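Structure first, then comments.
Predicted, not measured: the structure shown is a model, and the values here were computed from it. Within every chain, numbering begins at 1; the chains are lettered A, B, ... in the order of the sequence lines, protein sequences first and strands thereafter.
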There are 2 protein chains.
Amino acid sequence: MHITLEADYAVRIVYCLALAEKRMDAKAISEETSVTLRFSLKILRKLVSGGIVRSFKGTQGGYELARSPKEISLNDVIETVEGPFSLSRCLGGEYVCTKSSAGGVPCPFRRIYDEISGEVVQRMKAFTFDQVLPRESAAKKLP
Amino acid sequence: MHITLEADYAVRIVYCLALAEKRMDAKAISEETSVTLRFSLKILRKLVSGGIVRSFKGTQGGYELARSPKEISLNDVIETVEGPFSLSRCLGGEYVCTKSSAGGVPCPFRRIYDEISGEVVQRMKAFTFDQVLPRESAAKKLP
DNA sequence: AATATGTTGACAAATTTAGTAGAGTTTCTT
DNA sequence: AAGAAACTCTACTAAATTTGTCAACATATT
């Protein structure tokens, strides 16, 4: 019932890049965050395809945030890495709990699960990375 | 990032017992909820030791709720089966993120994780099983 | 051209979750 | 007292997911 280690790492990596305020290569990120190089590469790829991080190839390559920390939420990062947050196991709109003791009737717990999940997502969206940065850095804006 | 199947089953089982309003044996519960007999026995044991369900041995034995549905919350059931809910992986009070890029400084995400987890738990505590019962049953009280 | 970097998909190990087995104990009924 | 119908307990196995690794490749800079 926790976020996965991978998501935890992803948060660290984004945090690390937000603090650095400059391009870092995978090796530096890996050392800074104590995530193995290989695994951080994998996570970085997800962050890149999720549009949170930009990558640059070649000698002076590396990774940097694709937008300002203020515009990156905890939800962006976690959702990118492990998909949308949901308490209930049965996603999608028209779920009917054929197995519930009510038999074929909409699962009576679905609503509460969805409500709570929605709140969690809302909270995670409201929490942006500028909130964990030292004041000066938080003020700055990426181009 | 979902509740586990086991917790899901546990909720169904409690719901089933709440609807039944009478003692049921494991076989009946298993059939009603579509959880295998063996697995439901395992879950029932947890529910018993968690004080949510009472068990009775012998020929007329079986299981019944240990208290009225109104006094059993979603959180009671889920916590009994899979432990206290927490988003963050690092439980316990004095956690320090030695691995974070801040190095040895309290993890800056800890607070938000705990806040959100707290809200989830609060919501799950507020949701009691009488809320998913037909009106008449919900009104009744167990001795 | 050489080197430093990121990209990709497949693979493997570790951990957690899900489910099973069997021998034992208690209680009720007759 | 016997027997059956229940629950109890510990351990084990199987499946799924998470975590982490590898190797060959593509791209950019100097």
Handout entry: Rounded distance in Å - CG (L44(A)) to P (dG20(D))
Key = 14 Å
Handout entry: Name of the residue among V53(B), L44(B), D8(B), I52(B) meeting side-chain contact (heavy atoms from CB on, under 4.5 Å) with I13(B)
Key = L44(B)
Problem - d(NE2, H2(B); P, dT17(D)) in whole Å - result: 10 Å
Problem - Distance in angstrom units between D8(A) CG and dT18(D) C1', rounded - result: 13 Å
Problem - Interatomic distance, I29(B) CD1 vs dA5(D) P [rounded to whole Å] - result: 18 Å
Handout entry: Which residues share a side chain to side chain contact (heavy atoms under 4.5 Å, CB included) with F39(A), sequence neighbours left out
Key = E6(A), Y9(A), V35(A), T36(A), K42(A), I43(A)
Completion exercise
When rounded to whole Å, the CG to P distance for the pair D25(B) and dA4(D) reads 17 Å
Practice task
Consider only side-chain N and O atoms of S73(A) and N75(A), and report whether a donor and an acceptor are under 3.5 Å apart.
Solution key: no
Problem - dA18(C) phosphate, OP1 or OP2, under 4.0 Å from T4(B) side-chain N/O - result: yes
Handout entry: Note: E31(B)-K27(B) ion pair, threshold 4.0 Å (strictly below)
Key = yes
Practice task
Return the set of residues passing side chain to side chain contact (heavy atoms under 4.5 Å, CB included) with A28(B) (not counting sequence neighbours), or none when no residue passes.
Solution key: M24(B), D25(B)
Practice task
Using side-chain contact (heavy atoms from CB on, under 4.5 Å) as the criterion, point out the one residue from L17(A), L47(A), V77(A) that pairs with I72(A).
Solution key: V77(A)
Problem - Protein-to-nucleotide contact annotation, 5' to 3' order, nucleotides 21-30 of chain D [B base; S sugar-phosphate only; - none; under 4.0 Å, heavy atom] - result: BBB---BBBS
Exercise for the section: Find the distance L5(B):CG to dT17(C):P and express it as a whole number of Å. Expected result: 11 Å
Fill in the blank from the handout: I43(B) atom CD1 is separated from dT8(D) atom C1', nearest whole Å, by 16 Å
Exercise for the section: Can you figure out which of dG19(C), dG6(C), dT19(D) approaches the side chain of Y9(B) most closely? Expected result: dG19(C)
Handout entry: Whole-Å gap separating P (dG6(C)) and CE (M24(A))
Key = 11 Å
